[in-house]
Novice: 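Below is the structure I would like to discuss, written out as structure tokens.
So you know, we letter chains A, B, ... as the sequences are listed, proteins then strands, and number each from 1.
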Number of protein chains: 2
Amino acid sequence: MARPTMEDVAARAGVSRALVSLVMRGSPKVSAARRTAVLEAAAELGYSPHAMARSLASRTSHVLGVMVSDLHNPFWAEVVDGLDGHARAAGFELVINTGGRSPSREQQALRSLTSFRPAGIALLGPVVASSAITAAADVPLVLVSRSSRLSIVDTVNDDGRAGSALAVDHLVALGHREIVHIDGGSGSQAAPRRAGYQVAMARHGLTPRVARGEYTEAAGAAAVRSLRSPFTAVLAANDLNAVGVLSALAEAGLRVPEDVSVVGYDNTWLAGLRHIGLTTIDQPREEMGRLAATALISRVRGERTAAARLVVQPTLVVRATTGPPRTQ
Amino acid sequence: MARPTMEDVAARAGVSRALVSLVMRGSPKVSAARRTAVLEAAAELGYSPHAMARSLASRTSHVLGVMVSDLHNPFWAEVVDGLDGHARAAGFELVINTGGRSPSREQQALRSLTSFRPAGIALLGPVVASSAITAAADVPLVLVSRSSRLSIVDTVNDDGRAGSALAVDHLVALGHREIVHIDGGSGSQAAPRRAGYQVAMARHGLTPRVARGEYTEAAGAAAVRSLRSPFTAVLAANDLNAVGVLSALAEAGLRVPEDVSVVGYDNTWLAGLRHIGLTTIDQPREEMGRLAATALISRVRGERTAAARLVVQPTLVVRATTGPPRTQ
DNA sequence: CTGAAAGCGCTAACAG
DNA sequence: CTGTTAGCGCTTTCAG
């Protein structure tokens, strides 16, 4: 009942174990006849190679580790799609982990991932300390939605400053002046989005107002409830956060966009739902996943040693939650 | 630059490799002095044990493989939460994979998972053929949201027939008679939900009408558009599907619930959003994850050999998408 | 193409 | 408590 090993397959096919190894790795130096014999024997036995033994012996791995900070945010599912497609095409497999938006759990997840000695690791929206990242960095590492100064890691980010500016410009063009930003707190990429907002507001001669938030629905709702002085528009931390904002506004009896305009960030499928119809800043999610996979794989193959700083451009998607402010 | 091994730690601490092994596994038969010496040496070297070598040598594993059929459905994220919490508490780590709702990709994912020789595997909403499941079943297996007759696998399901009946009874009590069901096609658990709907309709003396669907938003919208004859209520395949239904109804100029009532299934956070306010059938998602972890771990420990058939009870959650039909 | 031999990093006895 | 001796399942030489 124990799983068959290469030895078993070799015995059954009447060949040497070395030959089975060659066949399993798809070597061209095997005659067609023997190859089929081996494959048949393997199929009959239900043999499948032991990935760990293989990577232990070969000191290589075809596994890419992926740490997803928050499985509940649809944004990451779409990034993983891009990663998965590209990795698979290049002959790599994904092993996914989750960090639950908590630094300590992320650190555990990272350790767990490295214990598999993957060829490379992608961290999607990590909040863990940069020192913890360095400690794990004896394999190629790529950070998505988090910047880094470390030359040993690659990064894939949208231009968060530009994205926020896009939102502010859109709102100002509609006539808004009282624009609040609910930020992502210490979440990944919250800082550039915040900075972009502040700079854009200043450029328009407006006073920035930042409310502390987080990348969750609950935080968006809470932030709105805590806001005292009046405002006519809010730039939320991300789509999830924006949905919380919408709920809190509705609760308060405020209409969107007549009383308050709302802009999200990410353009996940959530924003596109007809009943949400959220104006938002689009990040090319699948492409970001693809870029991350490409960066990782090129490092793994030793094709590049300099750090890659991949930046994608966000774009504005106007839907139903933004409009001109009410004239007083 | 190569990763330090146990040998390196032993050398640095001035002890034998066996002692380091004992310390790493937390054995009590090591003096406090030597233990700290070893741990210090390990910390200085940045040593972390090689999970694969360990499991290769010990023929055991503390890894649980998880195949998620669809990362885009928030339902699974919540099940994974339950699984993760319980597994972690029991000293197991999760390795996640995704199948993209395609049988062939699921099979690949399953193969990839088994290549790590995990202690057990959880399949969340698999659509892959049952034969492919058996082939992988030389480790304990648990299926979530999919039934099975195989005695070697455990299952965790809600009572889908009861869930559908709950929805139908609710709609009938409101006065509906033209109730359409958009089903989950060949998706996991679509059959019992469909059967429950049909039985409940018959019990009320009503004619069942099933439209072919899938567990996606797009399928829900498409199904509504394809419906010819009139109806006053729809029971969707799941929440995602229901959201598509809501969109298509809005497009067609139909109001919810005045013109048409809509019931979802799952009660993911999506249903609870104020702007959706979907009446739905709740499945205890985290608990399902917890039960799956418990089942898997008890099998892994050899505490049970009989198949577990764990069934949880769905409940009705009434929100804003259901109401009495318009009186003609 | 084969067979033998060494070794990946670790655990599991077992005799000191 | 220690050091030794065997492997786990596989890849990698290297000499046939």
Novice: With a 4.5 Å limit on heavy-atom distance, are the side chains of A/Leu113 and A/Met67 in contact?
Specialist: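 Answer yes - side chains close enough.
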
Novice: Please figure out whether A/Arg59 or A/Leu56 has its closest DNA chain D nucleotide nearer the 5' end.
Specialist: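 The residue closer to the strand's 5' end, by nearest nucleotide, is A/Leu56.
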
Novice: Does C/dT11 have its OP1 or OP2 closer than 4.0 Å to a side-chain nitrogen or oxygen of B/Arg54?
Specialist: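 Answer yes for this pair, as a side-chain N or O of B/Arg54 is under 4.0 Å from OP1 or OP2.
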
Novice: Please examine the side chains of B/Val68 and B/Val79, heavy atoms only from C-beta on, and report whether any two atoms are closer than 4.5 Å.
Specialist: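 Result no, sub-4.5 Å side-chain heavy-atom pair not found.
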
Novice: Measure from CZ on A/Arg117 to P on C/dC10 and round the result to the nearest Å.
Specialist: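 After rounding, the reported distance stands at 7 Å.
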
Novice: Is any N or O donor-acceptor pair between the side chain of B/Arg17 and the base of D/dT2 shorter than 3.5 Å?
Specialist: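 A donor-acceptor contact between them is absent.
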
Novice: To the nearest angstrom, how far is A/Leu22 atom CG from D/dT12 atom C1'?
Specialist: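 Roughly 10 Å, once rounded to whole Å.
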
Novice: Rounded to the nearest angstrom, tell me the gap between atom CD in A/Glu7 and atom C1' in C/dG3.
Specialist: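 Taking CD of A/Glu7 and C1' of C/dG3, I get 11 Å after rounding.
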
Novice: Compare the minimum distances between each of D/dT11, C/dG9, C/dT2 and the side chain of A/Leu19, then state the nucleotide with the smallest one.
Specialist: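 Of D/dT11, C/dG9, C/dT2, C/dT2 is nearest to the side chain of A/Leu19.
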
Novice: Looking only at the side chain of B/Ala57 (C-beta and beyond, no hydrogens), which of the listed nucleotides D/dC10, D/dT11, C/dC10 gets closest?
Specialist: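 Side chain of B/Ala57 sits closest to C/dC10.
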
Novice: Nearest to the side chain of A/Ala53, which nucleotide is it out of D/dC10, C/dT2, C/dA12?
Specialist: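 Closest nucleotide to the A/Ala53 side chain: D/dC10.
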
Novice: Less than 4.5 Å apart, any side-chain heavy atom of A/Phe92 and any of A/His86?
Specialist: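 They are not in contact (no side-chain heavy atoms under 4.5 Å apart), so the answer is no.
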
Novice: Between B/Ser61 and B/Arg117, is any side-chain donor less than 3.5 angstrom from a side-chain acceptor?
Specialist: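 No donor-acceptor contact under 3.5 Å links the two side chains.
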
Novice: Side-chain N or O of A/Ser21 less than 4.0 angstrom from OP1 or OP2 on D/dC10?
Specialist: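 For A/Ser21, the contact criterion (side-chain N or O under 4.0 Å from OP1 or OP2 of D/dC10) is not met.
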
Novice: In this structure, how many angstroms lie between the C1' atom of C/dC1 and the CZ atom of A/Arg34, rounded?
Specialist: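 To the nearest whole Å, that distance equals 7 Å.
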
Novice: Looking for any heavy atom pair under 4.0 Å, which part of the strands does A/Ser55 touch: base, sugar-phosphate only, or nothing?
Specialist: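 A/Ser55: no heavy atom of the nucleic acid under 4.0 Å.
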
Novice: Could you tell me how far apart A/Met6 (CE) and D/dG7 (P) are, to the nearest whole angstrom?
Specialist: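 Checked: the CE to P distance equals 20 Å.
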
Novice: Could you give the NE2-to-C1' distance, from B/His50 to C/dC8, as a whole number of Å?
Specialist: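 It works out to 8 Å between those atoms.
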
Novice: Within less than 4.0 Å of OP1 or OP2 of D/dG3, is there a side-chain N or O belonging to B/Ser16?
Specialist: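 True: B/Ser16 side-chain N/O within range (under 4.0 Å) of D/dG3 OP1/OP2.
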
Novice: Counting only non-hydrogen atoms, which of residues 35-43 of chain A are less than 4.0 Å from DNA chain D?
Specialist: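 Under 4.0 Å from DNA chain D: no residue of residues 35-43 of chain A.
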
Novice: In the structure I gave you, are the side-chain heavy atoms of A/Arg34 and A/Leu22 within less than 4.5 Å of one another anywhere?
Specialist: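 Not touching, per the 4.5 Å side-chain cut-off.
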
Novice: A side-chain contact here means heavy atoms from C-beta on lying under 4.5 Å apart; do A/Ser69 and A/Tyr215 qualify?
Specialist: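 No, too far: nothing below the 4.5 Å cut-off.
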
Novice: Does some side-chain heavy atom of A/Thr134 sit less than 4.5 Å from a side-chain heavy atom of A/Leu141?
Specialist: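 A/Leu141 does not reach A/Thr134 side chain to side chain.
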
Novice: Separation of A/Met52 atom CE from C/dG7 atom P, in whole Å?
Specialist: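 One finds 24 Å between P of C/dG7 and CE of A/Met52, rounded.
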
